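One structure is given here, and the rest of the page talks about it.
FYI, side chains are in, hydrogens and waters are out, and symmetry mates aren't considered; it's all heavy atoms of this structure. Numbers here are sequence positions counted from 1. These numbers were taken from a predicted model, which means no experiment stands behind them.
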Amino acid sequence: MTSATSPTMQNRCHSCLKETPRDFCPACAKRLFGLKKFGATLDFSLPEIKSNNGSIRRISISGAQPKFSLIVNDGRLEPTENGGTFILKPAVEGLFDNTKDKPANEHLTMQMAKQIFKIEAADNALVYLKDGTPAYITKRFDVLPDGNRICQEDFAQVAGLTPGEKGSNYKYDFSYQQIADLMKQYVSTYPTDVEKYFKLILFNYLVCNGDAHVKNFSVYSPNADGVYKLAPAYDLLNTSLHVQELGRTALELFSENAPADDSRADFETDFFKANGFYGKPDFMELARRIGIKEIRAQRFIAETCSLLGEMDAMIDLSYLSEPSKALFKAQVRDRAKAMEMG
């Protein structure tokens with residue numbers, strides 16, 4: 001099986017990873033691009049994206065990786081200044097370890113979330129620039145077919161967290177419990193959405209996503225009626241394949257910023273004090289605090305840890321390099337073991 005550096009692997013859909021003689025199966029080509037057929041190799045390279053009378057066609061999404069706005073025009077994806085319906089993340093040398101695997105990593109992790117764990121997630125695919133450089137694309141769920149935008153806010157915006165007030169670390173100066181507290185205030189479907197949110201936290205922990213910070217969770221109003229719900233998941237990947245020094249989670253589970261006389265402040269379970277990492281008691285405590293019944297939280301944790309075989313199968317089908325496939329499998333097993341401890 002070829003690595004993510006080569007676009008020659010033609011027997012797997014570049015979105016759902018199912019067998020197909022084309023780059024995309026008909027269902028994925030229709031859902032993503034509105035066409036029956038679509039090629040995975042784009043008509044431009046990274047330098048060509050950057051060169052437009054001296055300007056750089058880069059959308060204002062925070063993060064270290066360059067991201068560009070695309071639109072389908074005349075049956076192909078092309079860069080655009082305005083009205084983009086896709087986000088392109090090309091592999092860029094020097095930013096991370098195993099850089100060429102990063103697009104395949106994000107594509108695989110997003111497909112795992114959607115297909116195996118039944119998490120609502122943004123549509124996505126793996127493509128190649130004209131020079132063969134792999135790139136990840138995701139379809140924007142906040143843009144309607146007519147070009148109008150859906151009202152969406154990430155939880156940094158909801159919480160009023162800004163670099164000016166909190167400093168450059170503002171995306172990490174929060175907790176997963178505090179995000180749930182905000183959901184309870186603003187999401188009318190909280191009882192169901194908080195369970196989706198909890199399962200997404202479990203998934204991020206299992207797949208070693210150490211960068212699921214406050215801006216990587218959002219609420220949106222898909223029907224433009226002012227009713228907000230948890231937005232589809234995005235920016236899911238195994239960060240441990242690329243940045244070893246990131247922590248096991250981007251945010252603490254519990255509300256460190258609670259008042260000093262609040263029992264929630266600087267809380268640690270006995271399990272965490274003894275082991276130095278989160279395990280089942282920590283996730284059960286989080287579930288209790290955000291209003292998920294114990295029996296359901298127990299079931300969600302057990303279900304999350306029961307799908308390693310399906311994950312292995314999808315990893316094998318992915319466009320990751322063979323060393324990264326082996327490492328991904330080993331890391332997931334380590335996290336599943338931690339989640340079941342205690």
Side-chain angles (χ1 to χ4, degrees), residues 109-122 155 158 174-210 212-214 216-220 222 227-234 236 248-256 258 262-264 267-275 277-311 314 332-342:
T109 309
M110 290 286 289
Q111 290 298 323
M112 282 180 172
K114 179 177 289 191
Q115 295 190 51
I116 299 175
F117 291 84
K118 310 306 178 186
I119 292 170
E120 185 180 5
F155 278 97
V158 176
F174 220 59
S175 73
Y176 293 120
Q177 181 182 339
Q178 286 175 295
I179 291 177
D181 289 343
L182 288 174
M183 286 178 60
K184 196 168 188 177
Q185 292 182 52
Y186 297 108
V187 177
S188 60
T189 53
Y190 181 81
T192 55
D193 275 9
V194 74
E195 292 191 347
K196 296 177 183 178
Y197 171 66
F198 181 68
K199 288 189 279 189
L200 181 54
I201 292 172
L202 296 177
F203 176 79
N204 276 322
Y205 192 73
L206 181 65
V207 299
C208 308
N209 183 4
H213 52 68
V214 67
N216 282 344
F217 299 88
S218 294
V219 290
Y220 77 145
V227 176
Y228 283 86
K229 60 184 292 186
L230 186 67
Y234 54 93
L236 306 178
R248 290 198 167 207
T249 59
L251 308 178
E252 300 294 337
L253 291 187
F254 308 111
S255 297
E256 287 189 336
D262 192 316
S263 63
R264 301 182 307 174
F267 174 81
E268 292 180 348
T269 65
D270 290 338
F271 178 91
F272 187 86
K273 291 176 183 177
N275 295 280
F277 58 84
Y278 293 133
K280 186 175 181 179
D282 300 284
F283 294 109
M284 291 300 300
E285 175 65 16
L286 176 64
R288 184 189 69 79
R289 290 178 177 224
I290 64 180
I292 298 175
K293 292 181 179 179
E294 179 179 355
I295 190 171
R296 292 183 67 78
Q298 292 267 14
R299 191 183 84 197
F300 295 151
I301 294 170
E303 289 175 348
T304 299
C305 296
S306 71
L307 297 168
L308 301 188
E310 293 181 48
M311 295 176 75
M314 185 169 283
V332 165
R333 273 164 172 70
D334 177 73
R335 290 299 180 87
K337 182 178 179 181
M339 290 177 68
E340 293 175 319
M341 290 178 65

Return the [atom1] to [atom2] distance between [X] and [Y], rounded to the nearest 0.5 Å.
X      : Y      : atom1 : atom2 : value
Thr304 : Glu340 : OG1   : CD    : 10.0 Å
Leu253 : Phe283 : CG    : CZ    : 5.5 Å
Thr269 : Phe254 : OG1   : CZ    : 6.0 Å
Met314 : Gln111 : CE    : CD    : 6.0 Å
Lys280 : Met339 : NZ    : CE    : 10.0 Å
Lys184 : Ile290 : NZ    : CD1   : 10.0 Å

With the side chain counted from C-beta on, respond yes when [X] and [Y] share a heavy-atom pair under 4.5 Å apart, and no when they do not.
X      : Y      : answer
Pro232 : Tyr220 : yes
Leu236 : Val207 : no
Leu206 : Met311 : yes
Phe267 : Asp282 : no
Arg333 : Leu308 : yes

Please report the closest heavy-atom contact between [X] and [Y], naming both atoms and the distance.
X      : Y      : value
Thr249 : Leu251 : OG1-O, 2.7 Å
Gln177 : Ser255 : CD-OG, 3.3 Å
Met284 : Ala297 : SD-CB, 3.8 Å
Cys305 : Ala336 : SG-O, 3.9 Å

Quiz item: Knowing that exactly one of Tyr197, Phe155, Tyr234 qualifies, which makes a ring pair (Phe, Tyr, Trp, His ring centres under 6.0 Å) with Phe217?
Solution: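 Going through the options one by one, the only one that passes is Tyr197.
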Self-check item: N-O pairing of Lys196 and Asp193 below 4.0 Å
Solution: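 Salt bridge flag = yes for Asp193 with Lys196.
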Self-check item: Audit row: Thr192, Lys229, side-chain contact (heavy atoms from CB on, under 4.5 Å) steps and yes/no
Solution: CA-CA 10 Å; Thr192 55; Lys229 60 184 292 186; over 6 Å; no
Quiz item: Just wondering, are more than 12 heavy atoms of other shown residues or ligands nearer than 6.0 Å to CD in Glu294?
Solution: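 Incorrect, the count does not exceed 12.
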Quiz item: Is the distance between the ring centroids of Phe271 and Phe277 under 6.0 Å?
Solution: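 Close enough - the centres of the two rings lie under 6.0 Å apart.
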Quiz item: salt bridge (Lys or Arg N to Asp or Glu O under 4.0 Å) with Glu285: which residues, sequence neighbours excluded?
Solution: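 Counting only residues at least two positions away or on another chain, Glu285 forms a salt bridge (Lys or Arg N to Asp or Glu O under 4.0 Å) with Arg288, Arg289.
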Under 3.5 Å donor-acceptor pairs involving side-chain atoms of residues 198-205, not counting sequence neighbours:
from	atom 1	to	atom 2	distance (Å)
Asn204	OD1	Asn209	ND2	2.9
Asn204	ND2	Leu200	O	3.3
Tyr205	OH	Arg248	NH1	3.2
Tyr205	OH	Tyr278	O	2.8

Quiz item: When you measure from the side chain of Glu310 to the backbone N and O of Leu307, does any donor-acceptor pair fall under 3.5 Å?
Solution: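 Side chain of Glu310 to backbone of Leu307, a donor-acceptor pair under 3.5 Å: no, none is there.
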Practice problem: Just do the side-chain contact (heavy atoms from CB on, under 4.5 Å) check on Glu120 and Leu230 with the steps written out, would you? | Solution: CA-CA 10 Å; Glu120 185 180 5; Leu230 186 67; over 6 Å; no
